[in-house]
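In what follows, every chain begins at residue 1, and chains take the letters A, B, ... in the order their sequences are listed. Heavy-atom basis, side chains included; hydrogens, waters and symmetry copies ignored.
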2 protein chains.
Amino acid sequence: MTTTLDTSPSGTEAVTLLDVARVAGVSPSTVSRILNGTARVAPAKREAVEAAIAQLQFRPNIFARSLKTGITMTVGVLTQSIESQFYSRALKGIEVGLEASGHSPIIVSGHWSAETDLASLQLLTSRRVDGLIILTSNISDADVQQLARQQPVVITERALEGPKLRSLHVDQKFGGYLATQHLLALGHTRIAHIAGVENRADAQDRYLGYLQAHAEAGVTPDPRLLVRGNFTDQGGHLAALRLIDSGVPFSAVFCANDDTAQGARLALYQRGLRVPDDVSLVGFDDMPTSSFMTPPLTSVRQPVYEVGLYAARMLLDMMGYPADAVQLPPLELMVRETTRKWQA
Amino acid sequence: MTTTLDTSPSGTEAVTLLDVARVAGVSPSTVSRILNGTARVAPAKREAVEAAIAQLQFRPNIFARSLKTGITMTVGVLTQSIESQFYSRALKGIEVGLEASGHSPIIVSGHWSAETDLASLQLLTSRRVDGLIILTSNISDADVQQLARQQPVVITERALEGPKLRSLHVDQKFGGYLATQHLLALGHTRIAHIAGVENRADAQDRYLGYLQAHAEAGVTPDPRLLVRGNFTDQGGHLAALRLIDSGVPFSAVFCANDDTAQGARLALYQRGLRVPDDVSLVGFDDMPTSSFMTPPLTSVRQPVYEVGLYAARMLLDMMGYPADAVQLPPLELMVRETTRKWQA
DNA sequence: CTGAAAGCGCTAACAT
DNA sequence: ATGTTAGCGCTTTCAG
């Protein structure tokens with residue numbers, strides 16, 4: 001099937017539903033009914049209308065419709081940073097999840113700041129979106145709850161529920177546990193951690209998992225092995241440099257995310273430390289490019305795309321397009337080539 | 001300054017301009033005039049209206065406005081793939097470029113196919129966007145021209161002009177030239193090229209630059225050194241493997257983009273070839289993460305973000321928000337650590 | 001400088 | 001099953 005752009009005479013717009021009604025010899029309501037499937041109409045009229053629509057190349061004005069119905073067929077999405085692979089994968093999931101329903105996402109990016117996040121959200125609500133998806137923002141629970149009074153919202157990475165509020169959470173602590181436990185099992189006992197952004201729950205949880213794995217294995221992590229990163233390659237690079245240059249010995253690094261791991265990997269290289277021969281490295285997120293790192297990165301796979309997809313579904317569900325309940329796939333450790341057995 | 005979400009009684013929406021007029025004791029038209037700065041009004045009334053707006057927390061219904069004015073305050077953006085770092089950077093530029101004007105981008109992604117691109121575009125126009133930005137799509141020039149009759153469009157990576165049509169082009173061939181010339185200058189004579197997607201002008205142009213540099217240097221490239229990639233890390237990986245395993249000798253690889261280079265770098269590693277000791281590697285695009293590759297990648301910097309930014313400005317300009325004419329920064333070779341002198 | 005009034009294009013009672 | 005009609009919330013002549 002070949003789609004073509006109409007080769008209509010020119011940009012002479014403005015054919016309305018009324019025109020269609022006139023040409024088809026029916027009333028406007030009939031046209032409307034056919035358009036929306038609101039009621040049954042006689043086959044003959046239906047055909048006439050469809051012919052008229054085709055002939056006139058009529059396309060309903062969704063603004064007029066929205067004005068009347070109050071439904072905008074848009075959902076707002078707040079993302080932390082449209083530039084990060086992580087969020088754009090989630091965005092993709094949202095796009096796909098929304099596809100069938102005919103809703104369009106309108107995406108704004110906050111900038112890791114509560115102030116601008118709130119402003120972005122305000123832009124979205126001023127556009128009267130039918131629903132809101134908030135990807136891990138900095139705004140307060142109270143504000144989220146407030147927002148959820150105006151329209152359904154789904155938010156990730158925190159547990160918040162309400163009549164028009166759902167949340168989607170994956171167990172970050174478990175991920176941190178998985179990563180660290182893997183390293184421990186390989187015989188590492190001096191495992192450094194490059195943490196994520198301070199005060200972010202996901203960053204904190206991953207660290208907690210690191211602690212838990214240690215506790216279970218009965219090894220006490222050296223506190224000097226904990227350095228702060230910020231979820232970026234740059235931050236990871238700096239942190240790893242600091243760590244190496246501190247002289248505190250370690251044989252493995254668990255990074256708060258893959259970007260951090262990539263930065264750390266470069267730092268190791270620059271200081272002449274081989275991966276995985278001298279140091280084992282594990283990341284978090286398992287971004288698509290991580291399997292193409294050199295060497296391919298061992299990482300905790302997070303179902304980012306699915307989070308987006310399911311967030312969209314949950315939202316649609318609240319908006320009255322019932323969807324099956326969904327279960328997020330669990331976190332999973334993807335063992336690749338940056339980790340190896342250690343004997344001191 | 002602290003922004004707060006209103007703590008209004010509840011989700012009792014629906015305060016209209018009429019309510020404001022009533023409370024302020026003026027006519028609706030006066031309120032409208034103040035909202036839009038359409039005419040001068042007496043200071044007293046202005047204050048009364050502003051007070052009423054604040055008190056009622058009035059927010060104009062943009063759908064009603066759009067219905068009346070025909071202006072939707074949205075611009076459509078068609079991107080090839082929202083997941084690629086390349087496009088999301090451009091998207092970011094667009095977002096920033098649009099910011100001040102109050103227009104919101106609505107983004108759809110095509111999928112590297114003419115069919116779906118066209119469908120996505122149709123979604124956009126059915127939303128009656130005020131303008132369109134097309135990032136390098138597969139749709140035909142004729143269709144683009146057709147589209148430009150309905151609303152202003154700016155398109156990247158091809159030269160197309162018209163009353164409501166502008167294009168933004170960066171000289172890809174020159175980029176290919178730059179990369180190859182650098183390698184030649186280092187003494188390499190057996191330079192492989194992992195090309196981009198077939199039939200894409202940018203991929204072709206980069207290859208043409210490769211050829212031109214060779215011609216100028218008086219060296220004839222071995223045709224067996226040209227292998228096809230597809231702009232992805234996976235494609236680059238496969239192509240490089242094929243190249244290495246073919247046994248045809250080479251000392252350098254120019255990759256059609258950074259993703260390809262990342263894949264190639266992994267292949268080299270897997271075959272025991274060191275970068276840059278045994279093989280020099282250069283990429284194209286200079287994505288932010290490329291400077292964190294191990295080792296940091298030499299790459300042709302393309303002003304992707306600026307392309308987005310300027311595209312937005314050009315569009316706004318056509319839409320009647322005059323902007324300064326803009327000049328794209330030129331391509332630039334970022335020499336890092338994957339390239340090195342060669343003596344056979 | 002300000003108000004009255006007429007719609008923008010569509011949907012949804014309410015009739016028939 | 002289909003038509004009539006009254007708006008949705010805003011902007012914008014047109015008077016005054």
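Straight-line distance from the CG atom of B:Asp19 to the C1' atom of D:dC10: 13 Å, rounded to whole Å. In this structure, A:Lys45 places its NZ atom 8 Å from C1' of D:dA1, rounding to the nearest Å. Between the C1' atom of D:dG3 and the CZ atom of A:Arg22 lies a distance of 15 Å, rounded to the nearest Å. The CZ atom of B:Arg46 sits 14 Å away from the C1' atom of C:dT2 (whole-angstrom rounding). What separates CG of A:Leu17 from P of D:dT5 is a distance of 17 Å, to the nearest Å. Across the protein-nucleic acid pair, B:Leu35 atom CG and D:dG9 atom P stand 15 Å apart, rounded to whole Å. The distance from atom CD1 of B:Ile34 to atom C1' of C:dG3 is 13 Å, rounded to the nearest whole Å.
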Please tabulate, one pair per line, each protein N/O and nucleotide N/O from nucleotides 5-8 of chain C that are separated by under 3.5 Å, including the distance.
residue : atom : partner : partner atom : Å
C:dG7   : N2   : B:Lys68 : NZ           : 3.2
C:dG7   : N3   : B:Lys68 : NZ           : 3.2

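With B:Asp317 contributing its side chain and B:Ala323 its backbone, the two residues share a donor-acceptor pair below 3.5 Å. With hydrogens and angles ignored, the 3.5 Å screen pairs no side-chain donor or acceptor of B:Ser32 with any backbone N or O of B:Pro28. With A:Thr156 contributing its side chain and A:Thr136 its backbone, the two residues share a donor-acceptor pair below 3.5 Å. Using a distance-only test at 3.5 Å, with no hydrogens or angles considered, a donor-acceptor pair links the side chain of B:Ser126 to the main chain of B:Leu123. The backbone N or O of A:Met73 lies less than 3.5 Å from a partner atom in the side chain of A:Asp130, making a donor-acceptor pair.
Phosphate contact (OP1/OP2 of C:dG3, side-chain N/O of B:Thr30, threshold under 4.0 Å): present. Residue A:Asn36 has a polar side-chain atom (N or O) positioned under 4.0 Å from OP1 or OP2 of C:dT11.
At a cut-off of 3.5 angstrom, counting only N and O atoms as typed in the model, there is no donor on one side facing an acceptor on the other between the side-chain of B:Arg59 and the base of D:dG9. Applying the 3.5 Å distance criterion, the base of D:dG9 shares no donor-acceptor pair with the side chain of A:Arg128.
Out of D:dT2, C:dC1, D:dT11, the shortest distance to the side chain of A:Ala42 is found at D:dT2. Each of D:dT4, D:dC10, C:dT2 was ranked by its minimum atom distance to the side chain of A:Ser27; first place goes to D:dT4.
Within 4.0 Å (heavy atoms only), B:Val31 reaches no atom of the nucleic acid at all.
Environment of CD in A:Gln327: sparse, with no more than 12 heavy atoms of neighbouring residues, nucleotides or ligands closer than 6.0 Å.
Nearest-nucleotide mapping onto DNA chain C: of B:Arg40 and A:Ser32, the residue sitting toward the 5' end is B:Arg40. Nearest-nucleotide assignment on DNA chain C puts the 5′-proximal partner with A:Leu18, out of A:Leu18 and A:Arg33.
A salt bridge links A:Arg89 to B:Glu83: one of the charged nitrogens lies within less than 4.0 Å of a carboxylate oxygen.
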